[in-house]
Amino acid sequence: MRIHALFKKAGLKSFAILILLALVSCVSEPGKTDSSEFMKANADTIKAYTLDNGMALIVKKNSANQIFNLKVVFKGGVALTTPADAGIEALTLAMLNRGSQKYTYGDLQKIQYEKSSSIAYTMSGYDYSSFDLNTLDKYWNELYPVFSDLLMNPAFLAGQFAEVQNDMKVLAQKKLADQYEVAISKLHGSMFAGHPYAAEFAGTLESLASISLEDVKKYYAEKFDADRMFVVAVGNFDEKELIRNLNGTIGKIANKGVKIPEVARYVPRADLILETFPKAKGVSYVRGDYPIADVASPDFAVQQLANTMLGEILFSIVRTDHGACYSVWSNAHGFKNTYGSLVVYKTDQPNDSKIWVDEAIALLASGKTMNIKGDSGEKYADLSQTINAYKNKFTNTFFSGQQTNAQTAAQIASGYVYYDNPGEYLKFIDKIKNITPNDIVRVVDKYMVNGTLTWIVIGDEPSLAKIDKARFLKFTGTVK
C-alpha cells in the first residue's frame with residue numbers, strides 16, 4: 001500500500017476559523033503570491049492513499065463533528081454515453097440504491113430512517129457522478145456494510161427497475177413543461193451537437209424509454225470499474241481502519257480497462273435560436289452561452305469573480321432600472337469544457353433585454369462596478385475602489401458552501417477530477433486575492449465583448465415575432 005501526504009502543515013478544527021482566515025487573507029495586499037494562511041493551516045488534513053486495486057483514496061480529517069461522509073466517485077460522466085442512451089449511468093446509480101444481494105429496498109429505507117443516515121447518488125455537471133454515504137460516526141460499522149454491498153452486489157430487480165425508470169421519465173416529462181428547462185435543453189442541443197455534452201446525464205423521455213434492465217446490467221458490468229473510480233472520505237476517521245474496510249470491499253473491484261474519452265473544446269458559433277413555447281403567455285426567457293478560459297487557466301478564477309460583479313450590474317440595469325424581468329444572472333461553469341451563461345429570467349421585453357445586458361457588460365469592461373462600498377453616494381464606482389470588497393464577498397460565499405463534510409467532499413472530488421489535485425480548493429483564496437482590475441477588464445473584453453455567444457429566446461409566437469435577430473448576433477454596448 002502506498003501513502004502520499006499531500007501537504008505539511010497542521011489542520012484547523014473549526015469552520016469559523018476558516019471563515020476568519022478567508023477574510024483576513026482576502027484583504028491582504030493585492031498581487032502577493034505567497035500561500036494563504038488558510039492553505040497552510042489545512043494542508044496536512046488532506047492525505048491520499050492507494051487501495052489494493054490501485055483506486056485512489058483521499059481522506060480529509062475533520063474532528064470538528066461526528067459526521068462521516070464517504071463518496072465513491074465515477075469519472076467520465078456523459079462522455080461515456082451518447083444522446084441515444086443518455087441517462088443510463090443515472091439509472092444504474094439509482095438502481096444501486098434499490099437493494100442488493102443482502103439488503104432489500106425495505107431494509108435500506110428502514111436503516112436510513114432509524115440511523116438518521118443517507119445513501120444516495122449525485123451527479124456533478126457533465127463530467128462525473130458519485131455514490132455517497134452520510135452517517136454519524138457511531139453508525140458507521142452498521143451503515144458501511146450496507147453501502148458497500150449496494151455498490152458491489154446490486155440486486156437489479158425488475159420491479160424496482162420499472163419504478164426507477166418511471167420516476168426518471170416523470171422528471172423528464174416535467175422538464176418538458178418547464179419553459180426555462182426547455183430553453184437550456186434546446187440551447188445546449190444546438191451548442192453541443194456532436195460533442196459529448198450533447199448527452200444529458202438525467203436522460204430524455206426517448207432515451208430513458210429505450211434503456212432496458214439488461215442494458216443497465218451490462219453498463220454496470222462494463223463501466224463500473226476501478227479505473228474510473230476514486231474514494232473521498234471526510235470526517236474524524238481512523239484512517240488505518242478505514243483502509244482495512246475499503247480494501248476488504250471496494251478495494252477488490254476489478255480494473256477492466258475502461259478508457260474515458262477526452263472532452264475537447266466545443267466549437268462556438270454566433271447564433272440565435274427562437275423556440276416557440278405556446279403556453280408562455282407573453283413571458284419569455286433569454287439565455288446566451290459562450291466559451292471561457294479552461295479551469296486550469298488563471299483566467300477562470302477571474303471569470304468567476306467578473307461574473308459575480310456582472311450579476312449585480314445586470315440586476316441593477318435590467319430589473320431595477322427597467323423592470324424588465326423577474327431575475328437576471330451571470331455564471332461561469334467550471335467543467336472540462338468550460339462556458340459562461342447570461343440569463344434573463346421571465347421577461348416581457350426579450351428584445352430590449354439584449355441591449356440592457358450588453359450595457360451591463362460594457363460598463364464592467366469600462367472598469368466600473370456597482371458601488372457596493374456606498375461611500376461616495378454614486379451608483380457605480382471604479383474597479384480599483386471596489387475589487388477588494390468583491391473579493392471578500394465572493395470568498396465568503398464560496399466558503400459558506402463548505403460547512404458540512406459532504407460539501408467538503410464534493411470540493412475535494414471536483415479538485416481531483418479537474419485538477420488531479422484534491423487540495424485544489426485550498427488555493428481558492430490566493431487565486432482570488434491575486435486578481436487585479438486589469439484582469440477583470442481583459443477577461444470581460446475577451447470572452448464577452450468580443451466573445452462568441454449562442455443565444456436562445458423561448459416564448460410564444462407574438463413575442464418571438466418582435467425579436468430583432470441582428471441585435472443578438474452582435475455586441476451593442478459601448479465600452480468607454
For Tyr416 and Tyr128: C-alpha separation, side-chain torsions, deciding distance, then whether side chain to side chain contact (heavy atoms under 4.5 Å, CB included) applies.
CA-CA 11 Å; Tyr416 198 64; Tyr128 68 98; over 6 Å; no

Worked verdict on Trp329 versus Leu314 for side chain to side chain contact (heavy atoms under 4.5 Å, CB included):
CA-CA 7 Å; Trp329 62 82; Leu314 284 167; over 6 Å; no

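Between the side chains of Asp352 and His322, no donor-acceptor pair of N or O atoms lies under 3.5 Å. Between the side chains of Asn405 and Thr408, not a single donor N or O lies within less than 3.5 Å of an accepting N or O. Side-chain atoms of His188 and Tyr126 include a donor-acceptor pair closer than 3.5 Å. Between the side chains of Asp132 and Ser130, at least one donor N or O lies within less than 3.5 Å of an accepting N or O. Between the side chains of Gln303 and Asn307, a donor-acceptor pair is found at a separation under 3.5 Å.
A distance-only check finds a donor-acceptor pair linking the side chain of Ser297 to the backbone of Asp299 [under 3.5 Å].
A cation-pi arrangement is absent between Lys431 and Phe398 under the rule of less than 6.0 angstrom and at most 45 degrees off the ring axis.
Once rounded to the nearest 0.5 Å, the distance linking CG of Leu310 with CG of Asn331 reads 10.0 Å.
Side-chain rings of Tyr345 and Tyr180 approach one another, their centers coming within less than 6.0 Å.
Each of Val449, Val479, Thr369, Asp445 was compared with Leu364 under the side-chain contact (heavy atoms from CB on, under 4.5 Å) criterion, and only Thr369 meets it. When each of Ile250, Asp227, Val73 is checked for a side-chain contact (heavy atoms from CB on, under 4.5 Å) with Met55, only Ile250 meets the rule.
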